[in-house]
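Remember, predicted model here, so these are calculated numbers, not experimental data. Indexing begins at 1, ligand by ligand and atom by atom, following the structure's order.
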Amino acid sequence: MTAPFTIAVDGPAASGKGTISKAVAAHFGFAHLDTGLLYRVVGAKTLIGIEPIAAALALQADDLSAENLRTPEVAQAASKVAVIAEVRAALVDFQRAFARRAGGAVLDGRDIGTVICPQAEAKLFVTASAENRAHRRWLELVETGHDVTLQEVLVDVKARDERDMNRALAPLKPAEGAVQIDTSEMSIADAISAAIVAVSARRLPL
Ligand code: DC
């Protein structure tokens with residue numbers, strides 16, 4: 001097993017960070033954690049009346065494969081519980097343990113390079129215009145049978161940006177030393193290549 005190597009990938013909703021992170025993890029043979037899922041699990045529990053801090057403290061790895069975590073309602077609920085200090089604190093150890101596992105790890109989220117893993121060996125900040133991101137997310141939702149308009153998704157994306165970027169605790173922003181990738185005008189393949197090039201520059205030759 002190779003030594004731990006953490007790749008921190010942050011960015012706003014639907015920037016392409018999830019797709020890029022999965023591809024980067026596959027390329028390097030690393031494990032991947034979508035940390036948004038942790039907040040989505042907690043958000044989903046609040047929608048059925050469970051108190052958010054209790055939900056965060058009770059979180060189990062198995063919860064991450066629950067169904068219906070990708071709906072717009074759960075996304076908004078996730079963004080709301082993510083402003084609660086005790087919720088964020090309850091999720092830190094799980095993320096840090098994952099980040100330092102043997103064999104390497106890619107974590108994507110909002111505060112990976114800034115708060116969870118400021119010492120990550122490689123950091124990326126993936127962004128795109130709100131219109132571009134809303135269009136991508138709308139296509140995804142329509143393809144999976146959701147009945148939403150592009151305008152509704154744009155409003156949703158902007159509301160989450162506003163909350164995620166302006167919260168007092170661990171707001172979304174580029175980490176120091178992060179390589180920024182703006183995917184607005186890029187193909188998925190080009191964005192993945194740019195990410196692999198940026199990470200490779202941080203790896204010692206074998
Ligand atoms: O990446 P996502 O869209 O699945 O994330 C859902 C919400 O969770 C997002 O709006 C803010 C929150 N989140 C966070 O605060 N910190 C993270 N590391 C990941 C997600």
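- Of the polar atoms of Asp34, none of the N or O atoms is found under 3.5 Å from an N or O of ligand 1, judged by distance alone.
- Summary of contacts: the protein heavy atom closest to atom 6 (C) of ligand 1 is Arg160 NH1, 3.4 Å.
- Heavy atoms of Lys17 come nearer than 4.0 angstrom to ligand 1 in at least one pair.
- Side-chain atoms of Phe94 and Leu33, non-hydrogen and from C-beta on, do get closer than 4.5 Å to each other.
- In this structure, the protein non-hydrogen atom closest to atom 12 (C) of ligand 1 is Ala82 CB, 3.7 Å.
- Electrostatic pairing of Asp156 and Arg137 does not count as a salt bridge here, judged by no charged N lying under 4.0 Å from a carboxylate O.
- Within 6.0 Å of CD on Gln119 lie no more than 12 heavy atoms contributed by other residues, nucleotides or ligands.
- Look at Arg88 and you'll find a heavy atom under 4.0 Å from some atom of ligand 1.
- Short contacts between ligand 1 and Arg167, defined as distances under 4.0 Å to a heavy atom of the residue, involve ligand atoms 14 (C), 15 (O), 16 (N).
- With respect to the salt-bridge test (charged N to carboxylate O, under 4.0 angstrom), the residues Asp34 and Arg70 qualify.
- The shortest non-hydrogen separation linking Ile112 to Asp10 is N-OD1, 2.9 Å.
- Residue-to-ligand polar distances place Arg110 within reach of ligand 1: an N/O pair is separated by less than 3.5 Å.
- Other residues, nucleotides and ligands contribute only 12 or fewer heavy atoms inside 6.0 Å of the CD1 atom of Ile188.
- Checked against a 3.5 angstrom limit, the closest N/O atoms of Asp108 and ligand 1 fall outside it.
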